[in-house]
Amino acid sequence: MPQRHGVDSAVAADIRRATTSREVVVSRSSSASPVVTGTGPRPGWVEVVVGLVVLAAVAYGGGPLVLRTLDPGPLAGGLFLAALSGIAGVAGFAAAVAVRRRPLPEFGVRATSVRWLLLGAAGAVLAFVVSRLLVVGMVALGIEPENIQGAYADAGSGGAWSVALSLLFLAVLTPLGEELLFRGVVTSALLRYGAVVGVLGSAVVFALAHGLNAVFLTALVVGLVAGELRRRSGSVWPGVVTHLVHNAMAQVVALAFAGVL
């Protein structure tokens with residue numbers, strides 16, 4: 001019996017050591033794991049539909065109604081239209097967030113690195129060149145796309161102050177509002193179906209929101225670049241930079257061709 005008791009004690013000691021060792025391994029593994037933030041449910045179809053409906057109501061319903069009612073003239077009307085896209089985008093995003101009150105990081109509203117912001121600026125140059133080449137190709141094929149953004153040139157026709165306001169509305173407010181809605185809501189929701197659907201699908205929705213005109217191809221290219229940046233960085237801010245730099249270049253070129261600059 002004493003001999004059996006000694007064997008049992010040794011076995012129990014081995015079990016205790018093995019258990020302790022396993023606990024240490026588990027503890028170390030847990031402590032080494034990175035802290036994951038924004039792991040809640042991502043936006044879904046409800047947010048997408050609500051956001052786009054509000055965007056359409058503001059941009060294509062309320063905006064034209066105000067213009068028809070007030071008839072402000074080319075300069076004021078151009079500035080109003082320059083601000084309208086950004087206002088509509090912000091309104092759509094706010095409505096989408098309010099539906100189920102998901103955390104903002106789930107919409108990609110989270111900090112990012114300077115490297116990603118610089119990549120966003122580089123993406124803007126790429127998008128600007130590619131989209132203009134596509135438009136030139138359309139013209140070469142005999143397709144004359146309708147220019148629906150002539151009013152934006154009117155927005156800068158009142159002197160330095162109007163140029164500054166047009167750049168503020170088109171190159172800051174519009175990129176912010178549209179990226180929050182289309183990349184923050186639409187891309188975030190569609191990424192559940194994979195990268196192709198998330199990036200390409202949201203870019204097509206973004207382009208269609210601009211209409212089947214000369215802006216369609218430009219919006220599609222910008223949407224592809226901004227969507228891929230959203231997917232890879234996890235943040236909407238690189239796409240905002242892409243949109244901002246692209247729109248600033250486009251507005252400067254438009255004002256130059258209109259003889260304003």
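Predicted model, so just to flag it, every value in this text is computed and none were measured.
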**Q.** Least distance between heavy atoms, Pro43 atom then Gly184 atom
**A.** CG-O, 4.3 Å
Q | Shortest non-hydrogen contact from Gly77 toward Leu67 | A | CA-CD2, 4.1 Å
Q. Do Val215 and Val225 belong to the same hydrophobic cluster, where Ile, Leu, Val, Met, Phe, Trp and Tyr are linked whenever their side-chain heavy atoms lie under 4.5 Å apart, directly or via other members?
A. no
(Q) Under 6.0 Å between ring centres: does that hold for His243 and Phe182? (A) no
**Q.** Qualifying residues under salt bridge (charged side-chain N to carboxylate O under 4.0 Å, His left out), relative to Arg132, sequence neighbours excluded
**A.** none
Q.
Check whether Ser235 reaches the backbone of Arg110 with its side chain - one donor and one acceptor, N or O, closer than 3.5 Å.
A. yes
Q.
I'd like to check the salt bridge (charged side-chain N to carboxylate O under 4.0 Å, His left out) partners of Arg192; sequence neighbours left out, ordered by chain and number.
A. none
Q. Once you round to the nearest 0.5 Å, how far does OG of Ser85 lie from CG of Leu55?
A. 8.0 Å
Q: Could you list the residues that satisfy side-chain contact (heavy atoms from CB on, under 4.5 Å) with Val221, not counting sequence neighbours?
A: Ala127, Val130, Ser131, Leu134
Q: Using the side chain to side chain contact (heavy atoms under 4.5 Å, CB included) rule, take Val66 and Leu84 through it: C-alpha gap first, then chi angles, then the decisive distance, then the call.
A: CA-CA 11 Å; Val66 169; Leu84 184 60; over 6 Å; no
(Q) Rounded to the nearest 0.5 Å, what separates atom OG in Ser188 from atom CD in Glu106? (A) 8.5 Å
Q | Considering all heavy atoms, the nearest Val58-Ala91 contact | A | CG2-CB, 4.3 Å
Q) Rounded to the nearest 0.5 Å, how far apart are CZ of Arg231 and CG of Leu191? A) 7.5 Å
Q. Residues two or more places apart in sequence or in another chain: which of them pass side chain to side chain donor-acceptor pair (under 3.5 Å) with Thr218?
A. none
**Q.** Reported CG-to-CG distance for the pair Leu168 and Leu79, which is rounded to 0.5 angstrom
**A.** 10.0 Å
**Q.** For Glu178, salt bridge (charged side-chain N to carboxylate O under 4.0 Å, His left out) partners two or more places apart
**A.** none
Q | Verdict with reasoning, Val97 to Leu180, per side chain to side chain contact (heavy atoms under 4.5 Å, CB included) | A | CA-CA 10 Å; Val97 172; Leu180 285 174; over 6 Å; no
Q | Partners meeting side chain to side chain donor-acceptor pair (under 3.5 Å) with Trp45 (sequence neighbours left out) | A | Tyr193
Q) So which heavy atom on Val241 is nearest to which on Leu117, and how close? A) CG1-O, 3.5 Å
Q | Residue pairs passing the salt bridge (Lys or Arg N to Asp or Glu O under 4.0 Å) test where at least one lies in residues 199-220, sequence neighbours excluded | A | none
Q: Would you name the heavy atoms of Ala203 and Gly223 that are closest together and state the gap between them?
A: CB-C, 3.6 Å
Q. Do you reckon Met249 sits in the same ILVMFWY cluster as Leu119, going by side-chain contacts under 4.5 Å, direct or chained?
A. no
Q: Answer with yes or no whether the hydrophobic clustering places Val185 together with Val236; edges join I, L, V, M, F, W, Y residues whose side-chain heavy atoms lie under 4.5 Å apart.
A: yes
Q. Among all residues two or more places apart in sequence or in another chain, which pass the side chain to side chain donor-acceptor pair (under 3.5 Å) test with Thr174?
A. none
Q: Go through the structure and list residues passing salt bridge (charged side-chain N to carboxylate O under 4.0 Å, His left out) with Arg230, not counting sequence neighbours.
A: none
Q. Is Phe206 reachable from Val90 through a run of I, L, V, M, F, W or Y residues, each pair having side-chain heavy atoms under 4.5 Å apart?
A. no
Q | Distance-minimising heavy-atom pair for Pro64 and Ala59 | A | CD-O, 3.3 Å
Q. For Glu47, which of Arg101, Arg42, Arg100 qualifies under salt bridge (Lys or Arg N to Asp or Glu O under 4.0 Å)?
A. Arg100
Q) CG/Leu244 to CG/Leu176 distance, rounded to the nearest 0.5 angstrom? A) 9.5 Å
Q: Evaluate side chain to side chain contact (heavy atoms under 4.5 Å, CB included) for Ser166 paired with Leu255, printing each intermediate quantity in order.
A: CA-CA 10 Å; Ser166 71; Leu255 292 175; 4.2 Å; yes
Q: Would you please name every residue forming a ring-ring contact (aromatic ring centres under 6.0 Å, His included) with Phe93, sequence neighbours left out?
A: Phe107
Q: Please list all pairs passing the salt bridge (Lys or Arg N to Asp or Glu O under 4.0 Å) test where one or both residues lie in residues 55-76, with sequence neighbours left out.
A: none
Q: Mind checking ring-ring contact (aromatic ring centres under 6.0 Å, His included) for Phe128 and listing every partner two or more places apart, or none if nothing turns up?
A: His246
Q | Cluster overlap Met138 with Phe216, hydrophobic side-chain contacts below 4.5 Å | A | yes
Q) Between atom CD of Glu179 and atom OG1 of Thr242, what is the distance when rounded to the nearest 0.5 Å? A) 7.5 Å
